[in-house]
Amino acid sequence: MSDVTPSSAATLPLVFDEPRGRRKPPRHLADLAPDERKAAVSELGLPAFRAKQLSTHYFARLVDDPAEMTDLPAAEREQLVADLLPELMTPLRTLEADRGTTRKTLWRLFDGALVESVLMRYPDRATMCVSSQAGCGMACPFCATGQGGLQRNMSTAEIVEQVVAGARSLTRGEVPGGPGRVSNVVFMGMGEPMANYKAVIGAIRRLTDKTPDGLGMSARGITLSTVGLVPRMRQLADEGIPVTLALSLHAPDDELRNELVPINTRFSVAETVEAAWSYASRTKRRVSIEYAMMRDINDQAWRADLLGDVLNSYGDWGWVHVNLIPLNPTPGSKWTASRREDEREFVRRLEAKGIPTTVRDTRGSEIDGACGQLAATDA
Ligand code: SAH
């Protein structure tokens, strides 16, 4: 990760590397690519085709009770489950809002680390918002997760398991609206996904691999949100998986962005937006610019104009759209959400410059399940 270590690391409360000497999460089927699963099963002295059967249970049938794996001989089943389907996380608490269609789950990982995921069901889709790290090292001062620092990276399987858990509750009809599927995944829970790049790419592969190798989701339904780790954005463009990229910009000028998104002292607005544009050009996927509206901080009309100009300087071929997020105030934060009229003016100015702009709904805010509120306190 040396390529993203800020030169001014000594003065910034940023943590990129995990503390050493920690135990790793147990290995799980979802950590492994299909070939690796076969190898793992053979190492147990079992026929390699068991790998496919186990994958079918986990990814296609969403089974978590070994008793339902009746096509596996009992003795082998025990061995396979113990070795490849260890319990990765236990739900500590689930909070519901929006008549049960928004559900936030607090998970305890094997080492006691706490993370949260949020399931949001809409009439036409169901979105899982997942965490990619326990805590976060990016230290954005308006974000609840950013206040506690990074505890550790999550494993590929820990990330995937959040989606599988949501998929299970939907297929089992536990969410109002009848049985359904997860159609979208957003990496907008706790953590900076680009700072846990390898595990996140593994998770995206498991989500998009055809069943039963993976969950068979469309890459277009997956959004990776980042503070803008420029080398990783470029690397993502090389992966050939057309996920949607969301860039948390929050300010169009370096002076303010240095404060709101401290990694900006390492990668400037210009470098970061250029990398986003380059991702859009290469993948032909429209990039989303995230902009949390903070009253009298970043919501001035002149900043809307500047944002429009910065984005348009890379062309107006529809490579970008802006998603304004009403700030969800977090405990201890000195910032509040913008006034309605300032928000409207901001939208108007961006649209006048030809930038498609949306204002995000604040689902789950009353259960602290909205963007930036995930703090995983077990109070
Ligand atoms: N680390 C990634 C994912 C984090 S959360 C990233 O920064 O993009 C997803 C989005 O929620 C980011 O755009 C983040 O800046 C935003 N966010 C964080 N705290 C917020 C808050 N209090 N109110 C509104 N949005 C917030």
Side-chain angles (χ1 to χ4, degrees), residues 4 14-16 104 115-118 120 127-150 153-154 159 162 184-197 199-200 203 222-230 232-233 236 243-251 256-257 259-264 266-267 272-273 275-276 279 287-295 297-299 321-338 343 358-366 368-376:
V4 293
L14 298 176
V15 182
F16 290 97
K104 179 177 85 163
V115 298
E116 296 179 313
S117 62
V118 186
M120 290 158 285
T127 300
M128 271 306 299
C129 176
V130 297
S131 295
S132 55
Q133 299 182 308
C136 185
M138 297 296 122
C140 302
F142 58 92
C143 172
T145 311
Q147 305 320 298
L150 176 67
N153 279 334
M154 295 176 72
I159 299 168
Q162 298 168 71
N184 298 74
V185 170
V186 296
F187 285 85
M188 294 187 183
M190 304 170 72
E192 167 50 46
M194 292 290 196
N196 184 16
Y197 187 84
V200 165
I222 299 175
T223 299
L224 194 157
S225 180
T226 180
V227 289
L229 300 189
V230 167
R232 296 296 183 224
M233 292 164 78
L236 183 66
V243 295
T244 300
L245 183 69
L247 171 62
S248 298
L249 198 62
H250 305 313
L256 180 57
R257 193 166 191 265
E259 187 190 343
L260 297 180
V261 186
I263 192 67
N264 196 73
R266 175 74 167 85
F267 304 110
T272 308
V273 174
Y279 185 85
V287 166
S288 176
I289 299 289
E290 309 290 295
Y291 200 102
M293 294 287 283
M294 304 175 210
R295 183 184 299 190
I297 300 289
N298 65 353
D299 64 353
H321 90 274
V322 171
N323 192 216
L324 300 177
I325 315 172
L327 184 79
N328 292 302
T330 59
S333 156
K334 57 181 177 184
W335 296 304
T336 55
S338 298
E343 187 179 282
T358 48
V359 179
R360 175 172 307 166
D361 75 6
T362 51
R363 262 205 184 208
S365 49
E366 68 272 34
D368 288 347
C371 280
Q373 290 184 312
L374 303 185

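One-based numbering, in listed order, for ligands and for the atoms of each. All values below come from the heavy atoms of this structure, side chains included, with hydrogens, waters and symmetry mates left out.
Of all atoms in ligand 1, listed by their number and element, those nearer than 4.0 Å to a heavy atom of Gly191 are 1 (N), 2 (C), 3 (C). Close contacts between ligand 1 and Ile325 involve ligand atoms 24 (C), 25 (N) [criterion: under 4.0 Å to a heavy atom]. Residue contact check: Val227 has heavy atoms under 4.0 Å from atoms 6 (C), 7 (O), 8 (O) of ligand 1. For ligand 1, the atoms closer than 4.0 angstrom to any heavy atom of Phe187 are 3 (C). For ligand 1, the atoms sitting less than 4.0 Å from at least one non-hydrogen atom of Cys143 are 18 (C), 19 (N), numbered in the order shown with element in parentheses. Under a 4.0 Å criterion applied to the non-hydrogen atoms of Thr330, ligand 1 contributes the atoms 22 (N).
Between Met194 and ligand 1 there is no heavy-atom distance shorter than 4.0 Å. For the pair Met138 and ligand 1, no heavy-atom separation below 4.0 Å is found.
Of the possible polar contacts, none joining the Arg360 side chain to the Leu324 backbone as a donor-acceptor pair under 3.5 Å is found. Side-chain atoms of Ser131 do not come within 3.5 Å of backbone N or O of Gln133 as any donor-acceptor pair. Under the 3.5 Å distance criterion, the side-chain polar atoms of Asn298 are matched with a main-chain donor or acceptor of His250. A donor-acceptor distance shorter than 3.5 angstrom exists from the side chain of Arg257 to the backbone of Leu249, with no hydrogens or angles considered.
Polar contact with ligand 1: absent for Arg360 (N/O pair, distance under 3.5 Å). Between Gly189 and ligand 1, no pair of N/O atoms sits closer than 3.5 Å.
Applying the side-chain contact (heavy atoms from CB on, under 4.5 Å) criterion to Glu259, with sequence neighbours excluded, gives Leu256, Lys334, Trp335.
Residue nearest to atom 14 (C) of ligand 1, selected from His250, Gln133, Met188, Glu290: His250 (by heavy-atom distance).
The distance from the CG atom of Leu247 to the CG atom of Leu224 is 11.0 Å, given to the nearest 0.5 Å.
Listed here is the closest heavy atom pair of Leu327 and Ala292: CD1-CB, 4.3 Å.
Checking Glu192 against Ser132 by side-chain atom types alone, no donor-acceptor pair falls below 3.5 Å.
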